[in-house]
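Nothing fancy with the numbering, it's 1 onward along the sequence. Note that the structure is a prediction, hence the values are computed from the model and not measured.
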Amino acid sequence: MHSQTKVIDKHSQLGVVVQEKNFLNKIKEHIELIAALFSGVLIVAAWILGNLNKESASIAVFILAYVIGGYAKSKEGITKTFVEKELNVEMLMIFAAIGSAIIGYWEEGAVLIFIFALSGALETYTMNKSKKEISSLMSLQPEEALRITNGYEEKVHVSQLNIGDQILIKPGERVPSDGIIVRGETTIDEAAITGESIPVNKSMKDEVFAGTVNLNGSIVVEITKKSDETLFQKIIHLVQNAQSEKAPSQLFIEKFEGTYVKVVLITVLFMMFLPHYLLGWSWQETFYRAMILLVVASPCALMASIMPATLAAISNSARRGILVKGGVHLENLTVLRAIAFDKTGTLTLGKPQVTDLVIREDLNEEKLLQAVASIENHSNHPLAQAIVKYVKEKYDFSLVEPAQFKDVSGWGVEANVLNKQWKIGKKDFVGREEAEQFHDGISKVLASEGKTIVFIKDEQGIAGLLALKDVVRDVTKEAIQTLHEQGIHTIMLTGDSKFTAQAIAKESGVTEYIAECLPETKVEHLKKLKERYKHVGMVGDGINDAPALATASVGIAMGEGSDVALETADIVLMKNDLTKIADAIKLSKRMTRIIKQNIIFSISVIMLLIASNFLQILDLPFGVIGHEGSTLLVILNGLRLLR
């Protein structure tokens, strides 16, 4: 009993330590905001002391407000100045606050520091919000795995796993690395990777991904990728790259900042002397107006017009399963006039499915399909696997072992099942003339619909046929229609025949198609499309799509695509949902609209404040409020993109 109490106390202490650690992490995360708000409290206290005629105490508290509120931004400004050897907005604020204090405007200088610190804290909040997307992802991947070596189990760090190693994953555990199931079957929750809420059944030879959850069965998985090369890690790297890459508009503003700051400082320097001699202002008025100019001409709002909005938009898209590798690609989406689509695995599922079954009148469908599935079960051809899957889903019977099985590569298979000889394959394999005449030439009709025909022949002649087709994704038609509504032209680029391309184009709703494309001709066609439409996107999933993805104005890869496609593309659709392209374009246009609003608003405010200062109708307190208030407004406007 005594030892049990000790254990409970130990757990309680551990819980308290964890809570304290979480509390300290929260404070550390929001320290900039806390410092800004505390400086605001100190300003109120100093103002009260001033009204009580305690000038010395009031000034001391104002100085404290300067130090606490301005520390973070001052440190950032001074460090940037020394490292980049370039003056910046932060330095302008330091000079303005010090100048205000010199002429006795302690309160205005402190308010300037407070609002500047608050706007900085909001900008940091936007960045942290975006970084949380990575943190939440990283927490999903286990650090340890249970490796099986010669029948023995040992816990190892995921970094120690090698390709070919076998690991045991128990019910309720997360998958530590990408691999293939070699023993057992289970249900996997893949929401972390695909965003699909419905769990997926997995058995032998099925692929599993790091970060997904094994729900109800023990499985042994053979590792196929190193821990730093998993799909999960690729997602994390994509989000990290997106945060570090800046949009062209942001790069322009940053280049503009250095020159602008120098111009402002030179103008302020002249402002300290020229109005006294040219306009007859007193020295105090001249210096006062120079300090106001230093405050109102600082491009804080202009600098904050783009980056918070871009980060918020990237963070929002990541939450929706759209990984954008940088603000530049999000901006480029706005100007797209056409999008080219690969067919297989993009517009379609990339897996053939049986769509039609036609059999001879004298045959029993169930017995025929049992024979066909028993034979095709011994072939690795994708069409054969699709036929077996179709039969198993339709009928619940056991397959029989065929005799004298023969696989004629490129033509078909033949075997004896239940003392009956069968041939399954192309029409030339079973007899062209007989195959074309079967059932009043129905094979020609089915072929014109873009379907692949597999003929079945028994000892009496053509027994039947199966038509297979790579089926269009459920969301494809909706996605294409939404793009058309946005005024975007759609084109399908495929290596398939004209018949198949025509059928898929009609079914999916694309405005035009280009058939029989090789990887290199896809690039040529894309270049021609760019000549027609100027800005053209490309959506693909395979290795053969990589050159076209790189050539396009914006390359978009499907999340289930090849590693090369994922690395080459500018945007990745993690849920393989084509409707997300239209969502991304809408978000891009919304981001561009908000950035334009911010830039126009911030420049207008600066111009208005400068003009008011020269006309001597603007006092420092209103200059501070107008300038810093506009900065807060553009940041808050940008944060709307998080929703």
Side-chain angles (χ1 to χ4, degrees), residues 23-24 26-78 89-125 268 282-298 300-301 304 605 608-609 612-613 616-636 639:
F23 179 68
L24 289 170
K26 281 280 182 189
I27 290 176
K28 192 176 179 182
E29 187 183 336
H30 299 292
I31 191 70
E32 208 173 324
L33 181 61
I34 292 166
L37 294 173
F38 186 52
S39 73
V41 172
L42 290 173
I43 290 167
V44 173
W47 177 76
I48 292 168
L49 287 169
N51 285 340
L52 295 172
N53 296 320
K54 295 182 179 179
E55 289 298 324
S56 300
S58 177
I59 290 171
V61 176
F62 273 131
I63 291 170
L64 199 59
Y66 270 62
V67 174
I68 292 171
Y71 175 76
K73 282 293 175 186
S74 298
K75 184 183 176 185
E76 185 185 331
I78 293 165
V89 175
E90 285 79 11
M91 293 306 294
L92 279 187
M93 288 299 98
I94 294 167
F95 297 147
I98 292 169
S100 299
I102 290 170
I103 59 174
Y105 284 84
W106 289 96
E107 189 178 328
E108 286 76 6
V111 170
L112 174 65
I113 291 287
F114 165 68
I115 303 177
F116 192 56
L118 195 60
S119 64
L122 272 176
E123 203 163 343
T124 304
Y125 166 79
V268 168
S282 66
W283 282 112
Q284 187 176 353
E285 179 71 6
T286 304
F287 193 76
Y288 179 64
R289 292 293 159 194
M291 288 305 100
I292 295 176
L293 179 64
L294 190 56
V295 171
V296 301
S298 298
C300 299
V605 170
L608 179 66
L609 293 174
S612 300
N613 183 42
Q616 295 179 285
I617 57 175
L618 182 73
D619 290 333
L620 187 56
F622 291 107
V624 169
I625 291 166
H627 176 266
E628 292 304 320
S630 64
T631 306
L632 284 174
L633 285 173
V634 297
I635 292 172
L636 290 170
L639 288 178

* Asked: Are there more than 12 heavy atoms of other residues, nucleotides or ligands under 6.0 Å from atom CD of Gln284?
  ->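 No, not enclosed.
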* Please report the shortest heavy-atom distance between Trp106 and Tyr66, naming the atom on each side. =>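 Closest pair (atom of Trp106, atom of Tyr66, distance): O-OH, 3.5 Å.
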* What heavy-atom pair brings Asp619 and Ile292 nearest, and what distance separates the two atoms? ->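 Between these two residues, the closest heavy atoms are C-CD1, 3.9 Å.
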In residues 37-55, what donor-acceptor pairs under 3.5 Å come from side-chain atoms, sequence neighbours left out?
unit_1: Ser39; atom_1: OG; unit_2: Ala36; atom_2: O; d: 2.6

* Working to the nearest 0.5 Å, report the span between CG of Leu293 and CG of Leu618. =>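 Between atom CG of Leu293 and atom CG of Leu618 there are 10.5 Å.
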* **salt bridge (charged side-chain N to carboxylate O under 4.0 Å, His left out): pairs with one or both residues in residues 284-293, sequence neighbours excluded** =>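 Qualifying pairs, neighbours excluded: Glu285-Arg289.
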